[in-house]
Undergrad: 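Before I ask anything, let me first share the structure, which is written out below as structure tokens.
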Amino acid sequence: MSKLKIGQIGIGHNHGADKMLAARKFPDLYEVIGYAEPDESWIEKRGTLPAYEGLERMSVEEIIEKSDVVIVESDVWNLTKYAKMCVEAGKHIHMDKPASGTLEQFGELLDIAKKKHLVVQMGYMYRYNPAIRMCLEDFKNGKLGEVYSINAEMSTFHSVEYKKWLTNFKGGIMYILGSHLVDLIVYMLGAPKKITSFLKHTGLDGVDFEDNNLAVLEYDKALARVFVSSVEVNGWGRRQFVVSGSKGTYNIVPIERKCHVTYSDTTIATNGYADMKQEIEVPDVPNEIRYDIMMSDLYEYIKGTKKNPFTYEHDYLVQKVLYEICGGTACGDWQH
């Protein structure tokens with residue numbers, strides 16, 4: 001088994017340290033060469049984290065030159081810029097989410113990667129959530145029938161500091177958290193026929209941004225609802241992904257730590273006026289191993305022993321839909 005040389009650009013993303021820790025768990029797969037962070041303020045804040053202990057700090061150019069694959073974990077508004085530099089140099093990437101820059105710039109990145117047969121793995125962690133994966137698998141094998149409804153919620157009661165950070169993004173919390181849910185909906189239903197957004201500013205704690213948001217995605221027969229909020233008390237406990245089709249319904253709430261899943265189909269729910277369902281045991285994924293499968297899959301995608309189910313076209317469509325929801329085409333690129 002030949003190792004891949006892996007480096008990281010940026011330590012400013014909220015998930016950056018955890019991704020590096022996950023990569024370092026696989027010494028048989030990866031030789032970690034170091035990291036790059038041009039912003040000294042991030043070095044002061046996060047440079048001493050265990051994830052980067054003993055690693056060499058290099059320039060962005062050195063990381064790209066010496067790596068086979070690069071983990072791009074910069075501030076969100078720089079993700080596309082650095083990721084594009086990597087693929088232009090012929091390097092595979094894990095790129096955290098959501099993408100930044102214009103839709104055209106992100107599309108150019110993906111086009112280059114596709115032409116060069118480079119892996120682009122986006123950091124949407126629910127792709128690796130065991131409950132979500134079970135739901136997606138049963139959807140693909142037809143167990144749910146034709147899907148008519150998806151209800152997706154991902155909220156938190158955020159700190160004032162985090163809320164101030166969210167003012168950097170058009171769409172606010174919808175841009176950051178809603179992207180996870182759009183990723184799953186688009187994977188199942190494709191491009192919506194119509195998008196209607198309700199982006200509300202509560203002004204709680206004196207921070208003005210889109211913090212209480214709903215988007216409705218319309219399809220020929222299906223409706224998908226995306227709700228994300230920064231002002232929902234115990235929002236974590238209500239995070240949910242509910243898929244209802246002609247043959248069955250998956251109800252995942254909360255989505256993680258600890259996820260709870262119920263399933264019902266037409267053989268279980270024989271009375272339309274009663275709560276008839278089956279509990280499904282799903283293993284919990286502790287925070288400290290949340291990205292392990294993601295990092296091991298990245299290796300397999302590059303080596304060709306496993307195929308990334310999320311295509312370049314899918315990743316582009318996710319960003320396109322997200323931008324339409326948020327009311328702009330350059331989210332994450334204007335205020336910082």
Side-chain angles (χ1 to χ4, degrees), residues 14 76 96-100 103 106 122-129 131-133 135-136 139 144 147-158 162-163 166 168-202 209-245 249-256 259 261 310 314-329 331-332:
N14 290 333
V76 173
D96 225 313
K97 79 302 139 206
S100 58
L103 185 62
F106 184 56
M122 298 297 293
Y124 290 110
M125 72 274 185
Y126 285 158
R127 295 178 179 183
Y128 294 88
N129 176 284
I132 296 292
R133 293 180 83 155
C135 176
L136 294 182
F139 162 75
L144 301 180
V147 170
Y148 299 136
S149 172
I150 297 177
N151 189 61
E153 301 192 20
M154 188 177 179
S155 299
T156 309
F157 194 80
H158 282 121
Y162 193 81
K163 288 178 182 177
L166 287 167
N168 283 295
F169 309 104
K170 193 165 188 175
I173 192 59
M174 177 62 82
Y175 181 62
I176 296 299
L177 293 190
S179 61
H180 290 278
L181 306 177
V182 170
D183 179 54
L184 301 176
I185 291 167
V186 166
Y187 182 74
M188 298 181 78
L189 299 180
K193 301 292 185 181
K194 182 181 178 182
I195 296 172
T196 306
S197 301
F198 306 88
L199 307 177
K200 300 300 181 182
H201 300 234
T202 71
F209 71 106
E210 301 92 333
D211 60 354
N212 193 37
N213 306 326
L214 170 69
V216 179
L217 281 56
E218 297 183 46
Y219 294 84
D220 285 336
K221 297 180 183 179
L223 288 172
R225 297 166 296 281
V226 179
F227 179 75
V228 293
S229 171
S230 283
V231 295
E232 184 174 325
V233 176
N234 194 36
W236 182 276
R238 283 198 349 97
R239 289 185 175 190
Q240 61 191 269
F241 192 68
V242 184
V243 181
S244 182
T249 295
Y250 255 94
N251 184 50
I252 306 171
V253 54
I255 295 176
E256 60 180 331
C259 57
V261 183
F310 299 92
H314 167 81
D315 287 339
Y316 179 84
L317 182 57
V318 170
Q319 196 69 15
K320 183 176 186 290
V321 171
L322 181 63
Y323 279 169
E324 290 184 27
I325 289 172
C326 293
T329 59
C331 296

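For the single chain, residues carry numbers from 1 onward in sequence order. Computed from heavy atoms alone, side chains included, the values below leave out hydrogens, waters and symmetry copies.
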Undergrad: Name all residues meeting the side-chain hydrogen bond (donor to acceptor under 3.5 Å, both in side chains) criterion together with S244; count only those two or more places apart in sequence or in a different chain, and write none if there are none.
TA: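 Listed in chain order: T249.
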Undergrad: Applying side-chain hydrogen bond (donor to acceptor under 3.5 Å, both in side chains), name anything that partners Y250, two or more places apart in sequence or on another chain.
TA: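 D138.
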Undergrad: Considering residues at least two apart in sequence or located in another chain, which fulfil the side chain to side chain contact (heavy atoms under 4.5 Å, CB included) criterion with N151?
TA: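 Checked N151 against side chain to side chain contact (heavy atoms under 4.5 Å, CB included); matches are E153, R225, Q240, V242.
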Undergrad: Sequence neighbours excluded, which residues qualify as salt bridge (Lys or Arg N to Asp or Glu O under 4.0 Å) partners of D211?
TA: none
Undergrad: Within the 4.5 Å heavy-atom criterion, are E218 and T196 side-chain neighbours or not?
TA: yes
Undergrad: Take the angle between the ring planes of H180 and Y124 and call it parallel below 30°, perpendicular above 60°, tilted in between.
TA: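 The rings of H180 and Y124 stand perpendicular, inter-plane angle above 60°.
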Undergrad: Mind checking what makes side-chain hydrogen bond (donor to acceptor under 3.5 Å, both in side chains) contact with S179, not counting sequence neighbours?
TA: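 By the side-chain hydrogen bond (donor to acceptor under 3.5 Å, both in side chains) rule, S179 matches no residue at all.
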Undergrad: Using the test side chain to side chain contact (heavy atoms under 4.5 Å, CB included), find all partners of E232 that sit at least two apart in sequence or belong to another chain.
TA: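 For E232, the residues satisfying side chain to side chain contact (heavy atoms under 4.5 Å, CB included) (neighbours in sequence not counted) are S155, F227, S229, R238.
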Undergrad: Could you name each residue pair satisfying salt bridge (Lys or Arg N to Asp or Glu O under 4.0 Å) that touches residues 176-185, not counting sequence neighbours?
TA: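 Found R127-D183.
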Undergrad: So, using salt bridge (Lys or Arg N to Asp or Glu O under 4.0 Å) as the criterion, who are the partners of K200 when residues are at least two apart?
TA: none
Undergrad: With heavy-atom distances below 4.5 Å as the criterion, would you say the side chains of L103 and Y316 are in contact?
TA: yes
Undergrad: Can you list everything that forms a side-chain hydrogen bond (donor to acceptor under 3.5 Å, both in side chains) with N14? Sequence neighbours excluded, please.
TA: R46
Undergrad: Sequence neighbours left out, what passes salt bridge (Lys or Arg N to Asp or Glu O under 4.0 Å) with K97? Give chain and number order.
TA: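 In terms of salt bridge (Lys or Arg N to Asp or Glu O under 4.0 Å), with neighbours along the sequence ignored, K97 is linked to no residue.
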Undergrad: With sequence neighbours excluded, tell me which residues meet side chain to side chain contact (heavy atoms under 4.5 Å, CB included) with A131.
TA: N129, I252, C259, V261, V282
Undergrad: What residues, two or more places apart in sequence or in another chain, satisfy side chain to side chain contact (heavy atoms under 4.5 Å, CB included) together with Y187?
TA: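 Per chain and number, Y187 pairs via side chain to side chain contact (heavy atoms under 4.5 Å, CB included) with L136, K140, P309, F310, H314.
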